[in-house]
Chemist: 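Structure incoming, see below.
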Amino acid sequence: MSVRKHGHYDHEYHHKQSKYVVQEYSSSGAMEERYEHKTHAHIQDVVRTKMTEKYVREEHMIRGPSFLVRLRSHTVFEHTPIKLCCSVEGFPMPIVKWYKDGVILDMSSGKYLMGSKSGIHTLEIPRCSTEDTAQYTVMAGNLHGQASSQASIIVKRYKQEEESCPYAWLPFTAAMLPKIHYTKIHITFVEKFGPVFASEGGSATLKATMTLSPNLANLQPDAQWYRDDTRLFDSKWVKIETGRGVTTLTLPHLYKDDEGLYTLRMVTKGGTAAHSAFVSVEDGPPPVPNAPGAPMDIKIHDANRDYVIVSWKPPNTTTEGPILGYFVDKCEVGTENWTQCNDHPIKICKYPVAGLFEGHSYYFRVRAVNSHGISKPSRMSDPIAALDPTEFERLHAKKLGGKLDVVLYDDEIEVEGKPPASPSGLHAPETDRTYVVLCWKAPAYSSNAPMWYYIEKSMADSDAWHRVNTQVPIRSPRYAVFDLAEGTQYKFRVLSANMYGTSEPSEPTGPIETQELKGVPSAPGQVIATRETDTTVLIQWSPPKEPNNLIGYYIDQCVHGSKDWTSANHKPHKSTKFVVSGLTKGQTYVFRVQAINEIGLSDESQESSPLTVMAALTSPSAPYDITLLNCDGHSMVLNWKKPLHNGGAKIKEYYVDKRRSGTTTWREIHIPPITERLYKVEGLTEGAVYQFQVYAANLAGLGAASKHSADFTCEAWTMPEPGPPYDMTFGEVRDNSLVIEWQKPVYTGSGSVTGYHVEYAKKGTSDWTTANEKAVSHRFLKVTGLEADTSYAFRMRAVNDSGVGMASMASDPVTAKAVPGSQEVSCVVEEKTGDIVLSFESCQMNEGSHFIWKKDYKEITDFSKGVVIKNEGNHSKLIFKHADKEDFGTFSVSVTHTEGVSSSYSISSEEMAKMLALSYNIRHPVIPLKSELAYKILERGRMRFWLQAEEISSNVTYKFFANNKELSGADPNHMGHDVSTGIIEFIMDVFTEDDEGTFTFQITDGGGKGQSSLVLIGDAFKAALAEADYQRREYIRVKEGPHFSEFLSLHVGDDCSVTLVCKVANLKKESELHWYREDTEIIPDVKSDLGAGVCKLPIKLFSLKTAGLYKATISDDRGKDMSQIDISGEIFDDAINKINHLAGASAAELVIHCTATGIQLQCHMKYYTSEMNIAWYHGETKLSHSDKAVIGGTPAMATMEVIEPAEKDKGKYSIVITDPEDSHKRTLDLSGDVYEKAFAEFQKLKAEAYAEKNRGKVLGGLPDVVTIMEKKTLSLTCTVRGDPKPQVSWLKNGAEVEPDDQYVVSLDQGKFASLTIKGVSMEDSGRYTMIVQNKYGGESVDIVVSVYRHGEKIPEARPTLTPKTMIPPKLPIEIPQPKAAAAPSPAPQHPSPAPPPHSPAPPKAAPGRGMKSPTPTRRK
C-alpha cells in the first residue's frame, strides 16, 4: 500500500505586476467535498460584503466588466472533483468564457461543467486527471471592455517524490514515467508565407499549407504562431485559423506594434517544423505633411487605485524632424471620450497618469509631436482597472477543524479598539526622474476598522519630515510619490492608521536618489552587412558604449550613391542583429543604425561598407527523379533532374552511387565525377535489381544525396516502340500557353523516331490530355489553351512505325502565369543600315544572367553568315547583317538565372521576303518625297508641275520629261527649286491638247536618286486642259470685255420665291443680256436693268420640273461672257431646304376640307412643292401616298386626304416639315365631334357626287334649232345615260306630247331616245323640250322647231332658248349597297361604288314618274 504524502505549495499570482501570496493546503480525500462546499459558501459571503462596502460606484450604463472575487489556485489529487469560482459585475451583464492554457475549453465534451447565476460563475471538473494540470483563465467581456482572472490547478498523483513540471509543479515522479514511443509525423511546407510590407491601417495575412506524413486524424500538429518569440493567440488584433493542412494568421488592423519576425511552429509529439518571415509595418499617411509617426508598444506599469504609469517606445524619424514630445490620452472603458492627460508635451517615453477612479477601467494611447504637427495616435493599450493591487495580500488562512483550511481576509477577524502596528520592509523597487514607487509590508491587522497609511518624506541630509498624502488616504502598501526633483536624495517612512489612532513611523529608508536625465544613448558601433539571400541582408553592429536605459535600435537603408534613406524597421529591435528584407537583387546598399531609449534617438552610426544583394554561396540541393532511359542487359542509361537550388554557383559535377535492392551499402560507380545528367552505368549483372542515388557539387562543396531511385531490373529492352524522351525544359510561359522542349529517346525501338506526342494534366490529377493529336517531328511544341494561374504536369511519348512508346517521367508542376513585366520579342528593319533586327528587353537581370538566342529552339552558334548578337544591360539584339530568304523560322531568346524570362518571334517566308525588300530599299536609298509630282494651273492657263522632297541640298540636279521628251526650263518656260522647302518645279507656259501623256521629274542629290511621275490622260487630262483654257479665257475676259463680276447664283426669298441672280461689269449701252434654260432662251416678264449691274430671273413654281442647266450671256462688240448654273443635285437640295425652313415657319394649323372621296387635311403655307421634306403621321405611324391616303397639295398648301374614312382612321394627324436645322409640326385631332361632323359632310358630298354621276343625262345629238318644210318627217334623236335607266318624256310648248301615229316616241336600249313627227304641219312649229330623269335627277333640253311651207323662204333660225335645266335628285339619295355573294351574272355597265362601312342603308326608292312606254297611244 502506498503512503500518501501531502505537499504544501506556494504560488505566485500576477495581476498588473502586483504580487500576492495565497497559502493553500491539501486535506484528506474524505474532507475534499466538504472543503469545496465551504469555499463556495464563503466566497458568496465575501461577494455580498464587497458589494455593500464598495465606495466607488460606476454608472450602470458605462460599466466594463470587473471581478469582485477572482479565481483561486488549487492543488488536488487525481480522481477528485474541483470547482473554480469567481464573481463578475458590469453592465450589460458580461459574457464569460473559460480557457485552459490559452485555449478555449470545449464544453461539448462533457468533461467540464460550467455554471452561472447572479454574477457568480463556476467551472467544475467532476473527476480530475493529471492532464487537467494547467493554468485556467476566465475572460469576462461586454461592449465596454474585457477583464480576466487566472488560477492554476495542480492535480497530484499518490507518489512519494515530487518534481517540477511545465507549470513549475510535477505531481508524480519522473522516474516512474513509462518510455513513450511517439509516431514520427513528417511535415512538409507546400506553400510558405513570405515577407510582408504593409502600412498602418491596412491588413496582412500569413498563410501556410503543408502535407503530413502520415496524416492521422487523431494526431494533427499544433499550429503555434509567434512574433519575435512571443506566442500569439486569438484577440482583437490577431485572428488565427487552423484546419487540416493549412493555417492562417490575419492581422486585421495593422499598427507598427505588429512588426516583427513571425514564426509558425507546427508542433507534433515527434518534433517541430518551423517557418519564419518578417512583417514590416511602416507609418501610414500622417495627419499633416512631415508629422512624426505614431508611438508604439504602450505598456501600463504599477496600476493602483488612482494612478497608473504609462510607457511607450518612440517612432523612427529617418525622414521626419526630431520629436519634441508626447501627449498621453485616456478613455474610460465603455465610452469613446478621449481626454488629454498632459497639458504640455513630455520629452521622455514614460508618464504617470493620476486622478483615476478606483474600480474604473481605462484605455491609454500616445501621440508624438514635432515642429510640423502631431502624429496619429498609437494603438490603444489593453484595458486596465484602477484597483488596489494588494487587496489579496490581506488573505488569512483559518482552521475550520481537522486538516481543512479556509481563506479569509485579515480584517474579517474581529479585534477592535487598537491602532495598527507599524509597517515594515519599506523599500523603493522603482525610481525615476520625478517619482519613486514605494512598497512596504503591512502590519499584522485583525480589526474590522478600515486601515490606511501615511507617507512622509525628508531630504537625505535633513530630519524634517513632510507628509506626502494629506488629502487622499492610502489603503494599499504600494504607492508612487510624484513631483520629486531630478537627481536628488530623499528618505521616506510610512505610518499606518485607523479610527483608533496612528502607529509609530516605520523604519526610514536609506537615501533614495531620483534618476537624473542622462540623455540619449551614444551611437552604435561598427555596422557589418553580410549576404544572406537574393532579397535579404544580415546586419550586425556593436552596442553603444553609453546605453542609458537602451530600448532598442532602428536600422536605415540606402541605395549606394544616393541619399534617400528609408527605414528597414519601424519598431525598435532589441538585439544587435537584424535581417533586412525586401531588397532588390543585384542592387548595392549601405546601412546605418540608431540606438533609442525613452528620451529619443542617438546619432546615426557610421555607414556600413557597400554590399550588393545576392544569395550567399551554399552547396546545392539534391538532384531528384532518377529515370531509366535504356537497358541492354548489362548496362543502364540513367537521367536525373538537376537540383532545384544550385547554392549560388554553377553545378560542376555529379556523383552516382549504386546498390543492390535490399542492401544498405552504397558504392560509387565512376571516378572522376561526371558533368552531364546522362550516364551509362556498365558492368551490371543481368537480372539483378539495382537502386541509384546522385549527388551534385559546386564550388561550395558536395550537396545532399538524392532520394534513391525506384528498383530498376537489369533486363534488356526489346519492345519495338521507342523509350521515353527526357530532359524537359519550359519557356515562354504565359497565362494561357508555354513552350516545352525535350531530348530524343536513348532507346529508339525497332525503327527511328518519327514524331512526338505531348500530354498534360492539372496538378494533383491523373487526367492526361494530349496537346497535339498529330505527332510533331521536331522536339519542341507550344502548348496553348491552358487556364491562367493553374499548375500542370507534362510528359511526352515518342512515336515510330511500330507505335507509341512509353511515357516520360512527369515534369515538375508548371504554373501558367506570365512573369510579371515580361516583354515580347520585336522584329524591325533598321532604318539606317537595313539590318533585320530581333530585339528583346528582359524584365529581370541578375548576376550571371546572360541571353541565349535559338533558331527553331536550337542555339545559334554559327555566326559566319553575318549574324550578330549584341547585348547591352537588359537589352539583347539578334542582328542579320546579310539575311537571305532562307532565314525564316522561329527565333527564341531566354535569360539565364531568372524566373524563366523568355520569348520568341516567328518569321514566315512571306514576312522575310517583305523585310528583305525593305532592307534593299534602305541600303539603296531613294530620295524621300513629302509630296509626289502634282500640278497647279496658274494665271493665263500656265501649268505648274511640282513635287516636294523631304530634304535636298544645294547640289541637287533634276530633269523634267513630258512623254519621255526632256523639256527645257528656258523662256517662256521656267524650272527651279527651293532648298529650304525641298520644292522643285517646272512651269509650262502653254498647255495644249498635244501635251496629253506622262510627266516625270528625275532627281539626283549626292548618292540618292528619286523619281516621280504624273499621268494626265483621258478625263483627268480633259479636266486639266479645260481648267487651263478657262483660266486663259478668264484672264482675257476680265482684262478686255463685258463680263460677269459675280456668276449666277440661286437665291430663295422670304416669300419662298426662287430667283437666279448675277452681277455684270465693264458694260456699255449696246451690251445685251440673254437667259437660257437647256439652251432654250427665256424671255423674262421684266427685262433686267443692266445699269444697276444686278440681273435677276425669277423661277416660277420652283420644283424638279423647273430644274436644269441655266445660262446667262452678256455680250457686245468687244466680246461675250457666259455664266451658267446647273440647278440640280446639291444646289437644288439647298434651295429646297431653304424653302422647307421658310414654308415650315409659315405653316398654319391644319384644317379639314371634305370631298366626295374622303376627308382632306389642309396646311396652308407660303409655298408647297412635292420635293419638300414633308411627312404626314397618323399617331406615330408615318403615312405614305397610297389609295387610302392621298398626299399632295397646291403651291399654297399641303394636303392629305383620307379616302373612304372609317372608324380606324380616327385619331391625331400631324404634318412635319423638316429642314437641316429645325422641324415644324402641326397637329389635328380627328376624333369625337370633329370626326363625326367631317364624316357627315363627306357622306353628303359622296351622295351628291354619286347622284351627279348616275343621274339622267343627255349626251348629245339634239340641235338647238330645227327648220323643216311642211309635210316632211322630223326625227329628233339623241343619246341619253343614267343608272338606273332614265325615263324620257317630251313637251311641246310646255305640254306633254302624247305618242300617236304622228308623234312617235321611242327609247332604244335605254340609250337612244327619239321623237319622230310624221308629216309636219305649220302647227308643229314651237319649242320642244326633252326631259331625261331617274331617281338621282336629270335634265331637260329645249329644241326650237320652225316649219315653213313649200316655196316660202326658209326662216332664219333665231332660238331664244333657256339653258339646260338640271332636275335635282329625290331625297334622300340612295346609294346601292354591295350585293351578297350570288350566282355570277354579267357585270353592270356602270357599277356603283361600294358605300363605306358605316354608310346608312340606302332608302327604298321613292315613287316617281316612270319612263314613258315607247308604244304610241292615240291622241285625244
Chemist: When you look at D1029 and K1022, which way does the salt bridge (Lys or Arg N to Asp or Glu O under 4.0 Å) test go after all the steps?
Modeler: CA-CA 10 Å; D1029 289 342; K1022 291 178 182 178; over 6 Å; no

Chemist: Might you confirm whether atom CD of E1323 has over 12 heavy atoms from other residues, nucleotides or ligands at distances under 6.0 Å?
Modeler: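 Check fails, neighbour count at 12 or below.
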
Chemist: Find out whether S1045 and K1063 are in side-chain contact, i.e. whether some heavy atom of one side chain is under 4.5 Å from a heavy atom of the other.
Modeler: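 Side chain of S1045 against side chain of K1063, heavy atoms only: contact under 4.5 Å found.
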
Chemist: Does the distance from a Lys or Arg side-chain N to an Asp or Glu carboxylate O, for D1229 and K1210, drop under 4.0 Å?
Modeler: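 K1210 and D1229: not salt-bridged.
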
Chemist: Less than 4.0 Å between a side-chain N and a carboxylate O, is that true for K1166 and D1054?
Modeler: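 Salt bridge flag = no for K1166 with D1054.
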
Chemist: What about Y1235 and F1242, are their ring centers closer than 6.0 Å?
Modeler: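 For Y1235 and F1242, the ring centres are not under 6.0 Å apart.
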
Chemist: Any salt bridge linking E1180 with K1212? Criterion: basic side-chain nitrogen under 4.0 Å from a carboxylate oxygen.
Modeler: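 Result for this pair is no, no salt bridge flagged.
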
Chemist: Please examine the side chains of W1176 and V1216, heavy atoms only from C-beta on, and report whether any two atoms are closer than 4.5 Å.
Modeler: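 No, too far: nothing below the 4.5 Å cut-off.
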
Chemist: Could you verify whether a donor N or O on one side chain and an acceptor N or O on the other, from T1113 and S1115, lie under 3.5 Å apart?
Modeler: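 Result is no, nothing qualifies.
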
Chemist: Surrounding NZ of K1068 (heavy atoms of other residues, nucleotides or ligands, distance under 6.0 Å), is the total greater than 12?
Modeler: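 Counting other residues, nucleotides and ligands, NZ of K1068 exceeds 12 neighbours.
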
Chemist: I'd like to know if K1335 and D1283 make a salt bridge, using a cut-off of under 4.0 Å between side-chain N and carboxylate O.
Modeler: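 D1283 and K1335: not salt-bridged.
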
Chemist: Determine, for E1204 against K1188, whether the closest basic-nitrogen to carboxylate-oxygen distance falls under 4.0 angstrom.
Modeler: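 No, this pair does not count.
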
